[in-house]
Visitor: 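Once you've had a glance at the structure underneath, I'll fire off some questions.
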Amino acid sequence: MELTYCQNFFSTKEDLEDLFKDNEDYIGTYTFYDEMLVKEAKVFYNDNNYYVLRNNREDEYIISSSYSWYQMFGTIIYVPTPFYFSFEPECVDAYENEYEPNLVMDVVFNKISFSDMKEFYSRMDEKYYHIDETNQTITVDGYDCEHSQDVEDCMMFDYKNHTISGIDEDGKMQIFIQ
């Protein structure tokens with residue numbers, strides 16, 4: 001998969017539209033959910049990687065990969081997503097207990113539709129995701145940067161049952177958000 005995970009800051013007084021108007025990787029402007037922050041972002045796609053460019057402060061911008069992550073038996077796995085969330089147990093607890101409604105559930109299942117998710121993944125090579133229309137699930141490969149290897153079918157978004165699952169130590173899907 002060779003996913004690229006990075007975040008860079010830069011400043012410019014130039015008009016952003018002028019900076020990338022001729023960039024063939026530019027997809028458009030979307031609402032990007034970075035945990036509790038909601039930002040308008042310019043979205044780019046190249047070689048199975050999404051990048052989001054958003055304003056940080058006056059004349060300062062952040063460009064980063066578009067992903068979420070979780071720990072799979074001690075290793076951080078990065079998964080391409082049209083939002084950013086950490087699916088660490090402490091973070092999941094905070095999303096569930098400190099926000100009403102549950103922050104992740106609200107973003108993933110209310111603000112981003114099954115159709116939106118299908119569109120996001122459909123740009124990627126089909127070997128990196130599986131969409132089950134009948135059960136309304138999307139299963140996605142992730143990437144283990146520490147060991148430089150793909151992790152097949154490591155996260156599943158279940159729109160029918162409103163759950164998010166990840167692979168556990170035994171290689172089985174375990175629901176960690178419902």
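Each residue takes its place number in the sequence, starting with 1.
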Visitor: Determine whether Gln178 and Ser165 make a side-chain contact, defined as any pair of heavy atoms from C-beta on separated by less than 4.5 Å.
Guide: no

Visitor: Any chance you could measure Glu126, atom CD, to Ile131, atom CD1, to the nearest 0.5 Å?
Guide: 8.5 Å

Visitor: Does the side chain to side chain contact (heavy atoms under 4.5 Å, CB included) test come out yes or no for Asp132 and Tyr159, once each step is laid out?
Guide: CA-CA 10 Å; Asp132 180 335; Tyr159 273 77; over 6 Å; no

Visitor: So if I apply the side-chain contact (heavy atoms from CB on, under 4.5 Å) rule between Pro82 and each of Val52, Thr31, Ile112, Val108, which one comes out positive?
Guide: Ile112

Visitor: What's the spacing between Asp144 CG and Cys154 SG if we round to 0.5 Å?
Guide: 10.0 Å

Visitor: Does atom CD of Glu88 have more than 12 heavy-atom neighbours from other groups under 6.0 Å away?
Guide: yes

Visitor: Is there a side-chain contact between Leu37 and Glu35 (heavy atoms, below 4.5 Å)?
Guide: no

Visitor: Is a side-chain N or O of Lys160 found less than 3.5 angstrom from the main chain of Thr137, in a donor-acceptor match?
Guide: no

Visitor: Measure from the ring center of Tyr84 to the ring center of Tyr67 and say whether it is less than 6.0 Å.
Guide: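 Between Tyr67 and Tyr84, which both carry aromatic rings, the centre distance is below 6.0 Å.
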
Visitor: Counting N and O atoms only, with roles assigned by atom type, does the side chain of Ser68 sit under 3.5 Å from a partner on the main chain of Thr81, one being a donor and the other an acceptor?
Guide: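 No; judged by distance alone, with no hydrogens or angles, the pair does not exist.
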
Visitor: Does some side-chain heavy atom of Met105 sit less than 4.5 Å from a side-chain heavy atom of Asn110?
Guide: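 No, their side chains stay 4.5 Å or more apart.
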
Visitor: Val38 versus Phe32: any side-chain heavy-atom pair under 4.5 Å?
Guide: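 No; the side chains remain at least 4.5 Å from each other.
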
Visitor: About how many Å separate CD1 of Ile77 and CD1 of Ile167, when rounded to the nearest 0.5 Å?
Guide: 8.5 Å

Visitor: What distance separates Thr139 OG1 from Tyr129 OH, expressed to the nearest 0.5 Å?
Guide: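 Rounded to the nearest 0.5 Å, the OG1-OH separation comes to 12.0 Å.
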
Visitor: Above 12 or not: heavy atoms from other molecules or residues under 6.0 Å from CD of Glu152?
Guide: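 No, because the 6.0 Å sphere around CD of Glu152 holds 12 heavy atoms or fewer from other groups.
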
Visitor: So which heavy atom on Met117 is nearest to which on Ile138, and how close?
Guide: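 Nearest heavy atoms, Met117 then Ile138: CB-CD1, 3.4 Å.
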
Visitor: If you measure from CG on Asn135 to CE on Met156, what distance do you get to the nearest 0.5 Å?
Guide: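 Rounded to the nearest 0.5 Å, the CG-CE separation comes out at 8.5 Å.
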
Visitor: Check Tyr50, Tyr51, Tyr30, Tyr26 against Phe44 for a ring-ring contact (aromatic ring centres under 6.0 Å, His included) and give me the one that passes.
Guide: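 Single pass found, and it is Tyr26.
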
Visitor: Give me the atom names and distance for the closest heavy-atom approach of Ser122 to Glu119.
Guide: OG-O, 2.9 Å

Visitor: In Å and rounded to the nearest 0.5 Å, what is the CG to NZ distance from Asn23 to Lys42?
Guide: 12.5 Å

Visitor: Please check this pair: side chain of Tyr95 against backbone of Phe87, looking for a donor-acceptor N/O pair closer than 3.5 Å.
Guide: no

Visitor: State, to 0.1 Å, how close Asp168 and Asp170 come at their nearest heavy-atom pair, and which atoms those are.
Guide: OD1-N, 2.9 Å

Visitor: Do the side-chain N and O atoms of Asn97 and Asp93 include a donor-acceptor pair separated by under 3.5 angstrom?
Guide: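 No, no side-chain donor-acceptor contact under 3.5 Å.
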
Visitor: A side-chain contact here means heavy atoms from C-beta on lying under 4.5 Å apart; do Met36 and Leu103 qualify?
Guide: yes

Visitor: Are side-chain heavy atoms of Ile27 and Arg123 found at a separation under 4.5 Å?
Guide: yes

Visitor: Can Met155 and Ile164 be said to form a side chain to side chain contact (heavy atoms under 4.5 Å, CB included), step by step?
Guide: CA-CA 7 Å; Met155 186 172 277; Ile164 301 172; 4.3 Å; yes

Visitor: Kindly determine whether Cys145 and Tyr78 satisfy side chain to side chain contact (heavy atoms under 4.5 Å, CB included), including the steps that lead there.
Guide: CA-CA 8 Å; Cys145 289; Tyr78 297 91; 3.7 Å; yes

Visitor: I need the minimum non-hydrogen distance between Glu96 and Phe176, along with the two atoms involved.
Guide: OE2-O, 4.3 Å

Visitor: Tell me, do Val104 and Phe83 make a side-chain contact under 4.5 Å, heavy atoms counted?
Guide: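 No; the side chains remain at least 4.5 Å from each other.
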
Visitor: To check you understand the geometry: which heavy-atom pair defines the closest contact between Asp153 and Asp141, and what is its length?
Guide: N-OD1, 2.7 Å

Visitor: Between the main-chain N or O of Asn48 and the side-chain N or O of Tyr45, is there a donor-acceptor pair closer than 3.5 Å?
Guide: yes

Visitor: Looking at every heavy atom in both Met124 and Tyr128, which two are closest together, and how far apart are they?
Guide: CE-CB, 4.1 Å

Visitor: Does the side chain of Pro80 come within less than 4.5 Å of Val140's, by heavy atoms?
Guide: yes

